[in-house]
Engineer: 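I'd like to ask you about the structure that follows.
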Amino acid sequence: MSSPRPPWLHQLVTAVQAPTVLLCDRDGQLRADGAQGVWHADVRVLSRAELRVNGEPPEPVAGGAEGIGRLRFTGYVRSLKGSSSVPSVRVERVRTVRAGLVDETIALTTYEAIPTTTRIEVDLAADLARMGPVREGRTSQTFAPPDVDAGSVRWSDDGARAELVADVTATVTADDDGARLSWMVNLAHPGTRYMRWRLYAAVDDSSFEGVEGDPGWATPRVVAGDHRLPMLVDRSLADLGGLRLRRTSGSDIFLAAGAPDDCVLRGRESLWAARMLLPLGTELAAGTLRALSAWQGRRLDPDTGEAPGKVPHEVRDPVPGDHRARPVLSYASTDATPLWVCLLHDAWRWGLPAEQVRDLMPQLEAALTWMVEHGDADGDGFVESFDRSRQGIGSEGWKDSPDAMRFADGEQAKPPLVLCEVQGYAYEAAMHGADLLDAFDRPNAQGWRLWASGLADRFRKRFWVPSGLGPYPAMALDADKRPVDALTSNIGHLLGTGLLNSGESERVVRLVTQPALVSGYGLRTMSVDNAAYTPVNPYCGAIWPHDTAIVIRGLAAVGRGHRAAELIEGLLAASMRFDFQLPPSYGGDPRSEVARPIPYPVMGRPRAWSAASAMAILQALLGLEADVPAGRLRMRPVRPSLVGRLRVEGLRVGGHAFDVSLSEDGRSLAPVELPLNVDIG
């Protein structure tokens with residue numbers, strides 16, 4: 001028996017307004033194949049919507065996204081001819097996706113009279129499959145029987161319901177496997193005829209609901225000499241608008257991790273995305289912090305990995321029909337907890353109101369305490385992965401595949417693992433957490449600074465490994481505390497955390513900007529000089545835009561923004577090849593060998609932290625660093641500018657909007673108007 005094959009997603013067109021996702025072919029047809037369909041809260045509520053005109057599908061000529069949750073597809077019906085050789089009958093399908101709703105309008109236009117009547121049909125089916133088995137390739141499609149009424153079709157099972165309602169001119173018929181909408185259209189006169197259907201979906205006991213309307217963050221206007229930057233920013237913010245969610249029992253808005261299978265709250269991804277978007281306001285950061293704190297650990301649970309103070313890795317809806325009717329929680333990450341502290345600190349610096357920060361101080365103290373009391377399972381002074389949930393991941397970092405942790409010779413490292421980047425996050429959390437404790441008159445700030453100092457000393461002694469390129473930090477320590485010495489992108493996450501001294505930072509800067517790691521389309525996850533390097537392997541050689549963006553942020557934070565030039569250029573070049581919608585991962589092949597980056601086919605888009613990378617690039621180019629409590633904004637633009645003349649309108653700090661204008665050489669062209677001390681260097 002062959003092993004399951006996960007469906008490929010890279011060529012599908014996606015529209016999302018979380019928790020509803022539509023995946024279809026490039027011609028607009030929604031076929032009962034792979035992961036195609038309309039998904040709502042991880043249930044496929046529509047598997048098929050195939051259009052035929054005059055007995056044949058329209059021949060596609062154009063199609064794609066038109067903003068948040070909106071798609072348009074255009075084709076011609078060549079079997080319907082007028083007197084000219086030019087195609088006479090055009091068909092457009094315009095779909096709008098909202099939370100729990102898909103609305104499709106079919107417009108058939110004839111440009112001259114054709115003396116005939118034709119039939120328009122849409123074949124429908126739904127299997128009500130669950131996302132997990134489909135994404136793992138473990139399902140054989142069996143359609144749910146439709147319930148047909150005048151003008152509507154309904155499907156339902158234990159906990160999931162869908163109803164498709166057609167306009168009054170449609171005829172609706174059904175058989176055991178599906179249903180059909182049909183319209184008869186007279187083409188005797190030129191003009192446009194419209195047909196319409198709507199799909200409504202609901203899943204019981206969902207923990208999340210969609211958010212529409214104003215995105216809740218500033219929408220900047222970017223003008224640059226390099227046209228790719230504004231196009232990337234515009235597309236990315238539109239995608240992020242479609243990934244907004246809130247708890248059904250609350251009002252706090254956060255970003256789902258991504259479509260199609262992760263329209264859920266995921267700790268590290270939602271935190272990083274909110275962190276990168278801070279120059280657009282602090283509201284998203286506040287919602288993310290509060291949503292995660294609602295599920296912060298309170299007890300020890302070996303099945304989920306929960307521990308007091310630990311921030312969840314993932315909060316997912318229960319499987320529909322599960323009698324427990326409560327979210328499925330996983331705490332299988334060591335990075336989400338210190339990253340939560342880092343986001344709270346950064347949001348405070350960007351102007352999160354003091355009363356909102358004060359309300360989260362107990363959760364801050366619990367998160368810091370977790371790092372020592374539960375994050376250090378063996379008492380060696382490091383925050384480490386310890387898979388209490390027995391889920392077999394072993395790393396509990398963002399490179400969470402069991403085979404991601406490799407020695408330079410290709411040997412796989414044995415868990416539990418001490419990840420290098422997590423030590424950087426933990427150091428930063430302790431130091432910045434101490435600043436918050438001082439600012440809000442809470443005890444033990446100095447104790448955390450001393451702990452961070454000790455962590456830096458321990459890291460310096462245990463992690464640095466020799467090489468022909470000079471010493472560098474190992475990506476991890478394995479179960480025997482051996483340094484896992486592959487050269488990887490992980491070390492770039494240490495930049496700007498404070499864990500490294502200036503000399504160590506400079507060595508890391510040199511390594512993450514050298515050709516073995518930089519492909520021309522971004523930063524590889526592993527150096528080409530390591531035995532396990534494979535350009536398509538997501539964790540051992542491919543590129544993740546968020547990973548590259550974190551390193552770009554770090555380079556800017558240590559005053560080496562100009563060294564990020566090739567990384568920024570790489571992401572801009574890649575974005576153009578992906579219609580300015582950066583996927584989660586793509587191949588690490590050298591740009592000198594491939595004209596476009598190779599997609600990783602089993603990952604869908606949009607992804608929150610990939611899209612948010614656009615703002616990380618923009619912040620690094622401007623060199624923005626906020627400290628609203630101290631009353632200042634610092635700006636250290638990259639010089640010369642990497643994108644030509646640059647103007648950004650509508651950034652926000654401390655609740656105030658401001659604009660920035662830079663010349664080609666990176667000099668400020670106009671004062672930055674703010675009620676803060678603005679330091680432009």
Engineer: Quick one: does Ser489's side chain get under 4.5 Å of Leu523's, heavy atoms only?
Structural biologist: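 Side-chain contact under 4.5 Å: yes.
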
Engineer: Of all the heavy-atom pairs spanning Tyr521 and Val594, show the shortest one and how long it is.
Structural biologist: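 What the structure gives for the nearest pair is OH-O, 3.1 Å.
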
Engineer: Might you point out which heavy atoms bring Leu46 and Ala126 nearest each other, and give the distance in Å?
Structural biologist: CA-CB, 4.1 Å

Engineer: Are side-chain heavy atoms of Phe73 and Pro58 found at a separation under 4.5 Å?
Structural biologist: no

Engineer: With a 4.5 Å heavy-atom cut-off, do Arg48 and Asp123 have their side chains touching?
Structural biologist: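 A side-chain contact under 4.5 Å exists here.
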
Engineer: Salt bridge check: are Arg72 and Glu92 linked by an N-O gap of less than 4.0 Å?
Structural biologist: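 Looking at Arg72 and Glu92, the cut-off is met.
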
Engineer: Any side-chain heavy atom of Leu289 sitting closer than 4.5 Å to one from Leu343?
Structural biologist: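 Heavy-atom side-chain distance check passes, below 4.5 Å.
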
Engineer: Looking at Thr96, Val97, Leu164, which hits side-chain contact (heavy atoms from CB on, under 4.5 Å) with Val102?
Structural biologist: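 Single side-chain contact (heavy atoms from CB on, under 4.5 Å) partner of Val102 among Thr96, Val97, Leu164: Val97.
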
Engineer: Is it the case that the side chain of Lys310 and the backbone of Ala332 share a donor-acceptor pair, with hydrogens and angles ignored and the cut-off at 3.5 Å?
Structural biologist: no

Engineer: With no hydrogens and no angle check, is any side-chain donor or acceptor of Ser333 less than 3.5 Å from a backbone partner on Gly397?
Structural biologist: no

Engineer: Hey, is the main chain of Ser610 close enough, under 3.5 Å, to the side chain of Ser613 for a donor-acceptor pair?
Structural biologist: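 Looks like yes, one N/O pair under 3.5 Å.
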
Engineer: Begin from the C-alpha positions of Asp167 and Trp183 and carry the test side-chain hydrogen bond (donor to acceptor under 3.5 Å, both in side chains) through to its verdict.
Structural biologist: CA-CA 10 Å; Asp167 65 44; Trp183 298 263; 3.0 Å; yes

Engineer: With a 3.5 Å distance limit and no angle check, can you tell me whether Ser47 reaches the backbone of Asp127 through a side-chain donor-acceptor pair?
Structural biologist: yes

Engineer: Hey, does the side chain of Ser270 reach the backbone of Leu255 with a donor-acceptor pair shorter than 3.5 angstrom?
Structural biologist: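 Such a contact is found between Ser270 side chain and Leu255 backbone.
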
Engineer: Please tell me if the side chains of Tyr200 and Val165 come closer than 4.5 Å, counting only heavy atoms from C-beta onward.
Structural biologist: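 SC-SC contact between Tyr200 and Val165 confirmed.
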
Engineer: If you compare all heavy atoms of Cys263 against all heavy atoms of Leu245, which two are closest, and at what distance to 0.1 Å?
Structural biologist: O-CD1, 3.6 Å

Engineer: Kindly check if the number of other-residue, nucleotide or ligand heavy atoms within 6.0 Å of CZ (Arg31) is above 12?
Structural biologist: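 Check passes, neighbour count above 12.
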
Engineer: Any donor-acceptor pair under 3.5 Å linking the side-chain atoms of Asp547 with those of His493?
Structural biologist: yes

Engineer: For Ala35 and Val134, which heavy atoms make the closest approach, and how far apart are they?
Structural biologist: CA-CG1, 4.1 Å

Engineer: For His40 and Thr20, what are the C-alpha separation, side-chain angles and deciding distance, and is it a side-chain hydrogen bond (donor to acceptor under 3.5 Å, both in side chains)?
Structural biologist: CA-CA 4 Å; His40 181 74; Thr20 303; 2.8 Å; yes

Engineer: I would like to know whether Arg44 and Gln36 meet side-chain hydrogen bond (donor to acceptor under 3.5 Å, both in side chains); could you show each step before the answer?
Structural biologist: CA-CA 9 Å; Arg44 182 157 50 191; Gln36 290 190 49; over 6 Å; no

Engineer: Please report the interatomic distance CG(Asp103) to CG(Leu199), rounded to the nearest 0.5 Å.
Structural biologist: 10.0 Å

Engineer: Can you check whether Arg198's main-chain N or O pairs, donor with acceptor, with Glu104's side chain at less than 3.5 Å?
Structural biologist: no

Engineer: Does the side chain of Leu237 come within less than 4.5 Å of Pro215's, by heavy atoms?
Structural biologist: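 The answer is no, as the side chains (C-beta and beyond) never meet within the 4.5 Å cut-off.
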
Engineer: Using 4.0 Å as the upper bound for N to carboxylate O, is an ion pair formed by Asp252 and Arg246?
Structural biologist: no

Engineer: Taking the six-membered ring of Trp295, is the NZ or CZ of Arg247 close enough (under 6.0 Å from the centre) and on axis enough (within 45°)?
Structural biologist: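 Judged by the rule, Arg247 and Trp295 form a cation-pi pair.
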
Engineer: Can you give me the closest heavy-atom contact between Arg244 and Asp214, atom names plus distance?
Structural biologist: NH1-O, 2.9 Å

Engineer: Between Arg180 and Glu50, does any side-chain N to carboxylate O distance fall below 4.0 Å?
Structural biologist: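 No, no charged N to carboxylate O under 4.0 Å.
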
Engineer: Under 4.0 Å between a Lys/Arg side-chain N and an Asp/Glu carboxylate O for Asp204 and Arg161?
Structural biologist: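 Judged by the 4.0 Å cut-off on N to carboxylate O distance, Asp204 and Arg161 do form a salt bridge.
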
Engineer: Counting only heavy atoms not in Arg221, do more than 12 sit closer than 6.0 Å to its CZ atom?
Structural biologist: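 Not more than 12 within 6.0 Å, no.
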
Engineer: Using modelled atom types only, decide if a donor and an acceptor are shared between the side chain of Ser585 and the backbone of Ile543 within a distance under 3.5 Å.
Structural biologist: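 Such a contact is found between Ser585 side chain and Ile543 backbone.
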
Engineer: Ignoring hydrogens and angles, state whether a donor on the side chain of Gln356 or Arg290 is under 3.5 Å from an acceptor on the partner side chain.
Structural biologist: yes

Engineer: Looking at side-chain heavy atoms only, is the closest gap between Pro606 and Val16 below 4.5 Å?
Structural biologist: yes

Engineer: List the atom of Asp42, the atom of Pro260, and the distance in Å for their closest heavy-atom pair.
Structural biologist: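 In this case the closest contact between Asp42 and Pro260 is OD1-O, 4.4 Å.
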
Engineer: May I ask you to decide if Gly655's main-chain N or O and Arg652's side chain share a donor-acceptor pair within less than 3.5 Å?
Structural biologist: yes

Engineer: Would you check if Pro597 and Phe578 make a side-chain contact, meaning some heavy-atom pair closer than 4.5 Å?
Structural biologist: yes

Engineer: When the ring centroid of Trp544 is compared with that of Tyr539, is the distance short of 6.0 Å?
Structural biologist: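 Between Tyr539 and Trp544, which both carry aromatic rings, the centre distance is below 6.0 Å.
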
Engineer: Looking at Gly588, is its backbone amide N or carbonyl O close enough to the side chain of Arg524 to form a donor-acceptor pair, meaning the two atoms are under 3.5 Å apart?
Structural biologist: yes

Engineer: I would like to know whether Asp262 and Arg316 meet salt bridge (charged side-chain N to carboxylate O under 4.0 Å, His left out); could you show each step before the answer?
Structural biologist: CA-CA 8 Å; Asp262 286 318; Arg316 188 176 286 275; 2.8 Å; yes

Engineer: Can you tell me how far apart CH2 (Trp272) and CG (Leu339) are? Round to the nearest 0.5 Å.
Structural biologist: 6.0 Å

